[in-house]
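All heavy atoms count here, side chains included; hydrogens, waters and symmetry mates do not. One-based numbering, in listed order, for ligands and for the atoms of each.
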Amino acid sequence: MGEFELIRRFFQQEQAEHPPEGVFMGVGDDAALLEVPPYQQLAVSVDTLVSGVHFPADADAEDIAQRALRVNLSDLAAMGAQPLWFTLALTLPNVDESWLRDFSRGLFAVANQYGCALVGGDTTSGPLSITVQVMGVVEAGHALRRDGASVGDYILVTHHLGDGAAGLAAVEGRLKLDAEQDEYLRQRFYRPEPRVAEARKIRDLASAALDISDGLVADLGHICAASDLGAEVYVEDLPLSPVLAGLEDRDQALNWALSGGDDYELCFTVPEEHMAEVGLLIAQGELQATVIGHMVAGASVQCLHHGQTFELDQPGYNHFHD
Ligand code: ADP
Ligand code: MG
């Protein structure tokens, strides 16, 4: 099977239910032609997943595809943008039809779920690597950025923290659990949920936001640096899933929640005057989020456990200092 046949069979598939929005021309020409609606800004982000670095070399193709698109959509979510389109650069060691079928199935499942259309890409041969570039739109001036936090702002996170790192440990066999818990954590690692809807609800209430990919402490540090502030995190308030909260090694669970990475939850700051509205969204079940700290003067993220300094076991994941 040649390159063009491969593209046609696995990536030029009609995007089921909804005709893709704003795609004047998609896969097939030299470049895609896309229409950005008026008064909107284009949000663009790209991420590469390398076999053996970002996922185990023997991972399922469907899981890899799911994760590749989801982590990219999470970046758009973190800007408060609505995902619309993506491109895919695929480097494959060989043409394995059953692998490609599984990959394509996982990819389009996520694409359809989030209404994001594949509009182009590149296909080459070499060690397995997947690059996804996502594009979305956000009303001009309304994007969620990292540099807007002020002293006294509340710090919140969506859903639960630590599942991503615990999930990687489960996938790699470092964490032994019963079958149901193991499956829950696997899903949390391979299928993180981009918090697109949540981000759009807090878009005009939050002062700063990002998605947590490298661990809460490391990523909150980016909000601190961009906003020229420090942060206090209350370790006893970290939202843990039932599986993580049930681990015997509580210190490990807290360390995963603080610095494990791979959670793809949102971390955002809210000024006092908007907390009532955010509280209402939470109370009404429209937003699952927890207050975990405050922005303070300073330059670092300090973790406090019932008022005492909490020392982290390991810093956040950093590709070039590991
Ligand atoms: P070119 O030689 O002009 O770069 P390619 O042969 O790389 O063109 O690609 C032909 C068409 O197929 C283009 O529209 C490109 O966007 C699309 N394409 C290539 N690989 C993929 C892929 N993995 N997924 C989706 N579209 C792809
Ligand atoms: Mg090309």
Side-chain angles (χ1 to χ4, degrees), residues 1-37 40-77 79 81-137 190-192 194 196 213 264:
M1 177 172 33
E3 181 192 336
F4 297 110
E5 172 68 5
L6 184 158
I7 294 164
R8 196 188 58 73
R9 273 185 57 190
F10 297 107
F11 299 110
Q12 211 163 4
Q13 151 184 346
E14 290 297 310
Q15 284 217 305
E17 303 96 82
H18 323 282
E21 206 177 312
V23 182
F24 188 74
M25 195 161 247
V27 174
D29 212 306
D30 294 308
L33 294 172
L34 307 169
E35 286 161 344
V36 178
Q40 309 259 322
Q41 287 173 323
L42 183 67
V44 183
S45 178
V46 64
D47 261 309
T48 296
L49 272 70
V50 176
S51 169
V53 178
H54 301 98
F55 55 86
D58 61 353
D60 281 350
E62 184 166 0
D63 284 338
I64 297 169
Q66 284 259 355
R67 183 167 156 76
L69 187 50
R70 286 169 177 277
V71 301
N72 273 283
L73 290 171
S74 177
D75 279 321
L76 285 187
M79 296 303 287
Q82 183 66 47
L84 287 179
W85 314 301
F86 72 105
T87 59
L88 168 70
L90 202 52
T91 306
L92 299 170
N94 51 30
V95 177
D96 175 343
E97 287 193 34
S98 97
W99 191 96
L100 279 161
R101 203 173 308 117
D102 292 346
F103 184 90
S104 164
R105 186 182 340 110
L107 191 74
F108 286 106
V110 182
N112 288 330
Q113 183 184 339
Y114 288 90
C116 196
L118 180 61
V119 296
D122 196 29
T123 308
T124 54
S125 141
L128 180 61
S129 139
I130 296 115
T131 298
V132 172
Q133 181 195 46
V134 283
M135 289 159 275
V137 292
Y190 279 117
R191 301 183 184 193
V196 175
S213 53
Y264 299 98

- request: Quick one: sort the F108 and F11 rings into parallel, tilted or perpendicular, breaks at 30° and 60°.
  value: tilted
message: Using side-chain heavy atoms (C-beta onward) and a distance below 4.5 Å, is L84 in contact with V23?
response: no
message: Under 3.5 Å between any N/O of G28 and any N/O of ligand 1: does that happen in this structure?
response: yes
query: So is there a nitrogen or oxygen of F11 less than 3.5 Å from a nitrogen or oxygen in ligand 1?
result: no
task: Under 4.0 Å, heavy atoms only, figure out whether ligand 1 is touched by the backbone of I7, its side chain, both or neither.
output: side chain
message: Can you tell me which portion of Q12 lies within the under-4.0 Å heavy-atom range of ligand 1? Options are side chain, backbone, both, or neither.
response: neither
Donor-acceptor contact below 3.5 Å, side chain [X] vs main chain [Y]:
X   : Y   : value
W85 : E21 : yes
E35 : F24 : no
N72 : D47 : yes

What atoms of ligand 1 come within less than 4.0 Å of a heavy atom belonging to [X]?
X   : answer
F4  : 6 (O)
D29 : 13 (C), 14 (O)
D30 : 3 (O)

field: Heavy-atom proximity to atom 19 (C) of ligand 1, best of A31, G121, A32
entry: G121
message: Would you say R70 and Q66 are linked by a side-chain donor-acceptor pair, where the criterion is simply a distance under 3.5 Å?
response: yes
